[in-house]
Amino acid sequence: MNPTIKFGLVPLNPTVGDVRANTDLHISAARRMTRRGCQVVVFPKMSLFGYPTGNITLWREVVKDCWKGLERFTEAVKNLEPVFIVGLPVASSRLTYCCAAVVHQGKVLGLVPQMNISAFDQPYFQSYWRRNDSRTDMELRVFQTAFGRMGVIVGEDADTDSRWKILGDVDFAVVPQATYYDSSRSKARQQNLLARSKGSYPIAAVSLYGANDGLIFEGGCSVANNGRLVAERGLFDRGQPLIVALGPSEDGPIVRKITPARSTIISEMIERRVLGLLDYLRKSGLKGFVVAESGGRDSMLATLLAVEALNRYFGHLKPKARRRAVRKAIIGVGMPTANNTAVTKALARKFCRELGVPYIEVPIGNAHHNHLHLLQKMLGNKRATAISRQNDQARLRSTLIEDLANCLDLLMLNTCDGAEDLIGYAAKFGDGAGDLGAVEDLGKGQVEEMLRWFFRRSGGKLTAVERCLTETRPSPELEKGQRAEKDNPPYPIIDMFRVWFVTEHLTPSQIYQRACGHWTDQRLKKMDPRYKSKHTLKEWIDWVVNKFTANVHKLSVAPLGAAVDPTVTFDRRFFPFPISQRNVFAADLAYMWSLPE
């Protein structure tokens with residue numbers, strides 16, 4: 001390697017399919033990195049097109065437009081000194097490849113296709129190494145630069161030994177990635193790069209930043225040398241580029257060490273959700289958010305996240321102007337019936353007032369009564385069932401809010417959390433509807449922890465939040481005196497079941513055995529006075545599994561999440577038919593009941 005090499009890693013935030021705007025982002029960033037003295041500038045995987053692509057790449061003309069974008073970028077940077085690595089889809093013959101293009105002084109030196117296509121991308125891309133293709137510009141993996149021999153590895157190829165062996169003897173390697181947030185693999189991928197660099201050569205990796213298709217990209221950048229992390233960027237750097245220079249030294253010198261911002265697990269979770277809301281607002285072209293305000297935990301957190309996103313959206317304005325802009329971009333709507341208590345109605349009003357959110361209260365009792373009267377006629381003058389009477393309130397609210405959002409070009413935020421998704425505790429096309437889910441991958445305990453975080457940050461000014469947490473219990477208030485935990489196991493139990501069931505894929509019998517070791521009888525009794533013995537625990541597990549299998553169909557119409565962690569969120573593709581899932585778990589439930597107590 002040359003005495004000194006200066007990397008510029010740029011975690012762009014592209015919009016999927018908007019090649020013209022994405023190309024402009026590349027050109028602007030390329031010029032900035034050149035002014036800062038960078039010699040090798042790396043953009044993420046699929047940076048010119050956006051990621052994930054979905055089936056947009058099946059339209060060949062759209063992929064060809066991306067090549068035109070690369071040509072425009074190449075022409076724009078022909079007088080700049082750095083070597084640029086750009087991610088894009090490339091059409092060849094009848095196939096489409098996920099590639100990195102190496103550009104230098106007005107020429108595309110070559111294309112590096114991703115060889116190992118993940119299951120996520122298989123419907124849209126082909127693996128180059130499995131096919132005979134006429135494109136000779138895809139044969140290159142190593143490029144001779146003024147700074148030494150550069151190897152290029154794209155995306156998931158960095159996880160396999162065979163791909164690294166192809167590089168052979170290089171002086172440094174770059175890895176354009178599109179790593180979305182996944183608590184189980186983000187660290188593993190970084191550790192892999194550290195191990196690869198030990199005793200070999202420096203490795204520079206960069207990923208996308210922003211939100212697309214329910215995925216959060218944290219803008220991770222890192223440079224590893226001799227098994228050590230030289231510098232990195234992450235979530236709290238909010239898409240800022242990483243610039244780092246390496247030179248010869250005994251232990252691999254650090255010219256510039258960048259320490260990530262300090263964070264807690266809760267602040268990271270909040271940051272991801274705010275990024276998701278902010279990015280969907282930007283890329284949708286809509287004007288703001290509307291939230292149904294119930295005076296409960298989930299709606300309060302969704303509103304707080306939305307206000308946080310809007311403050312960043314209007315961050316270029318002065319404080320007074322920014323507050324006015326935020327007020328114009330969000331609406332809280334309360335739609336009480338006789339089942340809503342005076343306490344929760346007052347909390348909804350007070351919360352919006354303290355937060356500076358415009359609040360509209362529209363009682364829907366009469367409309368609900370009219371709906372039930374019509375339904376009774378359709379039933380041959382028979383009274384509607386109790387569950388239908390409850391769900392009608394939720395569906396009426398959803399319809400009105402969606403109409404309001406439609407009139408004002410706003411995004412309707414869904415406020416169902418992950419615990420409610422697990423047990424189907426949301427009305428299909430009712431409170432389970434919306435344009436975007438703000439809290440759908442959170443357990444009830446996580447919702448409360450985030451509310452406490454916002455309360456502390458406010459210096460105690462959000463008194464409605466404190467009262468909600470200390471004076472009320474979770475309730476949908478669809479019947480008088482209704483309380484969520486009267487109808488289901490305690491939420492700490494549901495939250496833990498959700499992690500074991502979704503993240504670790506444990507069966508009901510395995511969950512029971514895990515729970516027996518996780519909680520003592522005394523702790524379970526303190527958690528819920530209804531607990532009597534391990535028999536009660538079995539009843540709770542049986543209840544949760546049967547509720548899930550009976551209601552899993554609701555996930556097929558649930559809105560996209562703003563900040564989904566794949567490790568604790570249901571992939572609706574894997575639970576398509578509730579009857580088949582019920583059969584899958586029925587035998588194991590029977591086995592669970594046979595286990596000793």
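Both backbone and side-chain heavy atoms feed into the values below; hydrogens, waters and symmetry mates do not. Since this is a predicted model, take the numbers as computed values, not measurements.
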**Atom NE2 of His505 with >12 non-hydrogen neighbours under 6.0 angstrom** = yes
**Request:** Assess whether salt bridge (Lys or Arg N to Asp or Glu O under 4.0 Å) is satisfied between Lys444 and Asp298, documenting all intermediate values.
**Result:** CA-CA 8 Å; Lys444 190 68 75 175; Asp298 293 336; 3.2 Å; yes
**Message:** Determine whether Val465 and Phe454 satisfy the following criterion, side chain to side chain contact (heavy atoms under 4.5 Å, CB included), listing intermediate values before the conclusion.
**Reply:** CA-CA 9 Å; Val465 171; Phe454 276 108; 5.9 Å; no
**Message:** Students often mix this up, so state it plainly: with edges at 30° and 60°, are the rings of His518 and Trp500 parallel, tilted or perpendicular?
**Reply:** perpendicular
**Item:** Heavy-atom pair of closest approach, residues Glu504 and Arg514
**Value:** OE1-NH2, 2.9 Å
**Request:** Answer yes or no: is there an ion pair linking Arg273 with Glu440, defined by an N-O contact shorter than 4.0 Å?
**Result:** no
**Prompt:** Would you call Arg297-Asp417 a salt bridge at under 4.0 Å N-O?
**Reply:** no
**Asked** Do you know the tightest heavy-atom contact between Glu361 and Pro336?
**Response** CG-CD, 3.9 Å
**Message:** Taking the side chain as everything from C-beta on, heavy atoms only, tell me whether Val290 gets closer than 4.5 Å to Leu408.
**Reply:** no
**Request:** Would you check if the distance from the ring center of Phe585 to the ring center of Phe501 is below 6.0 Å?
**Result:** yes
**Item:** Ser47 (side chain) donor-acceptor with Pro44 (main chain) under 3.5 angstrom
**Value:** yes
**Message:** Is any side-chain heavy atom of Gln376 closer than 4.5 Å to one of Lys382?
**Reply:** no
**Request:** Please examine the side chains of Tyr180 and Pro52, heavy atoms only from C-beta on, and report whether any two atoms are closer than 4.5 Å.
**Result:** no
**Prompt:** How far apart are the closest heavy atoms of Met335 and Asn340, and which atoms are they?
**Reply:** O-OD1, 4.4 Å
**Message:** With a 6.0 Å cut-off (strictly less than), is the heavy-atom count around CZ of Arg452, excluding the residue itself, greater than 12?
**Reply:** yes
**Any donor-acceptor pair under 3.5 Å from Asn391 side chain to Lys428 backbone** = no
**Stepwise salt bridge (Lys or Arg N to Asp or Glu O under 4.0 Å) check, Glu420 with Lys554** = CA-CA 11 Å; Glu420 294 170 343; Lys554 297 178 181 179; over 6 Å; no
**Asked** For the side chain of Asp237 and the backbone of Gly234, is there at least one donor-acceptor N/O pair under 3.5 Å apart?
**Response** yes
**Message:** Does Gln522 have more than 12 heavy atoms from other residues, nucleotides or ligands lying within 6.0 Å of its CD?
**Reply:** no
**Request:** Look at the side chain of Lys480 and the backbone N and O of Ala338, then say whether any donor-acceptor pair between them is shorter than 3.5 Å.
**Result:** yes
**Item:** Tyr51 vs Asn212, side chain to side chain donor-acceptor pair (under 3.5 Å): CA-CA, chis, key distance, verdict
**Value:** CA-CA 7 Å; Tyr51 184 84; Asn212 280 311; over 6 Å; no
**Request:** Flag the pair Leu208 / Pro14 as yes when at least one side-chain heavy-atom distance between them is below 4.5 Å, and no otherwise.
**Result:** yes
**Item:** Residues Lys283, Asn13; criterion side chain to side chain donor-acceptor pair (under 3.5 Å); working and verdict
**Value:** CA-CA 10 Å; Lys283 293 173 181 179; Asn13 184 359; 2.7 Å; yes
**Prompt:** Side chain of Asp495, backbone of Gly445: donor and acceptor closer than 3.5 Å?
**Reply:** yes
**Item:** Donor-acceptor pair, side chain of Asn414 and main chain of Ala433, under 3.5 angstrom
**Value:** yes
**Asked** With a 6.0 Å cut-off on ring centres, are Tyr359 and Phe351 close enough?
**Response** no
**Request:** State, without any angle test, whether Glu293 and Thr303 hold a side-chain donor-acceptor pair at a distance under 3.5 Å.
**Result:** yes
**Prompt:** Does the side chain of Ile541 come within less than 4.5 Å of Val544's, by heavy atoms?
**Reply:** no
**Item:** Check: Leu277 and Leu436 side chains under 4.5 Å, non-hydrogen atoms
**Value:** yes
**Message:** For a quick check under 3.5 Å, do Thr536 and Ser533 share a side-chain donor-acceptor pair by atom type?
**Reply:** no
**Item:** From Leu286, Ile401, Val291, Ile331, residue fulfilling side-chain contact (heavy atoms from CB on, under 4.5 Å) relative to Leu410
**Value:** Ile331
**Message:** Do Cys516 and Lys534 make a side-chain contact, defined as non-hydrogen atoms from C-beta onward lying under 4.5 Å apart?
**Reply:** yes
**Request:** Evaluate salt bridge (Lys or Arg N to Asp or Glu O under 4.0 Å) for Arg238 paired with Glu271, printing each intermediate quantity in order.
**Result:** CA-CA 9 Å; Arg238 298 178 183 171; Glu271 181 71 17; 2.9 Å; yes
**Message:** Could you walk me through whether Ser299 and Thr415 satisfy the side chain to side chain donor-acceptor pair (under 3.5 Å) test, starting with their C-alpha distance in whole Å, then the side-chain angles of each, then the deciding distance to 0.1 Å, before giving a yes or no?
**Reply:** CA-CA 6 Å; Ser299 63; Thr415 60; 6.0 Å; no
**Message:** Just so I know, are the side chains of Thr337 and Arg397 near enough to count as touching, which here means a heavy-atom distance under 4.5 Å?
**Reply:** yes
**Request:** Look only at the side chain of Gln393 and the backbone of His368, and say whether a donor-acceptor pair between them is shorter than 3.5 Å.
**Result:** no
**Asked** Just by modelled atom types, is the Ser388 backbone N or O under 3.5 Å from a matching donor or acceptor in the Asp392 side chain?
**Response** no
**Request:** For the pair Arg32 and Ser28, evaluate side chain to side chain donor-acceptor pair (under 3.5 Å) and give the outcome as yes or no after the intermediate values.
**Result:** CA-CA 6 Å; Arg32 289 197 307 272; Ser28 176; 2.9 Å; yes
**Prompt:** Would you say Asn406's side chain and Glu402's backbone share a donor-acceptor pair under 3.5 angstrom?
**Reply:** no
**Donor on one side chain, acceptor on other, Asn546 and Asp542, under 3.5 Å** = yes
**Request:** Give the minimum heavy-atom separation between Glu477 and Asn339, together with the two atoms involved.
**Result:** O-CB, 3.3 Å
Donor-acceptor list for residues 317-330 side chains, cut-off 3.5 Å, not counting sequence neighbours:
| residue | atom | partner | partner atom | Å |
| --- | --- | --- | --- | --- |
| Arg322 | NH1 | Leu317 | O | 3.1 |
| Arg327 | NH1 | Gly356 | O | 3.1 |

**Item:** Test: Lys547 cationic atom under 6.0 Å from Tyr425 six-membered ring centre, within 45° of axis
**Value:** no
**Message:** To check you understand the geometry: which heavy-atom pair defines the closest contact between Phe455 and Leu462, and what is its length?
**Reply:** CD1-O, 3.3 Å
**Complete:** Nearest heavy-atom contact between Gly332 and Val357 is N-CG1, 3.8 Å
**Asked** So how far is it from Asp528 CG to Ile493 CD1, rounded to the nearest 0.5 Å?
**Response** 8.0 Å
**Request:** Begin from the C-alpha positions of Arg272 and Glu218 and carry the test salt bridge (Lys or Arg N to Asp or Glu O under 4.0 Å) through to its verdict.
**Result:** CA-CA 8 Å; Arg272 291 186 193 102; Glu218 297 190 348; 2.5 Å; yes
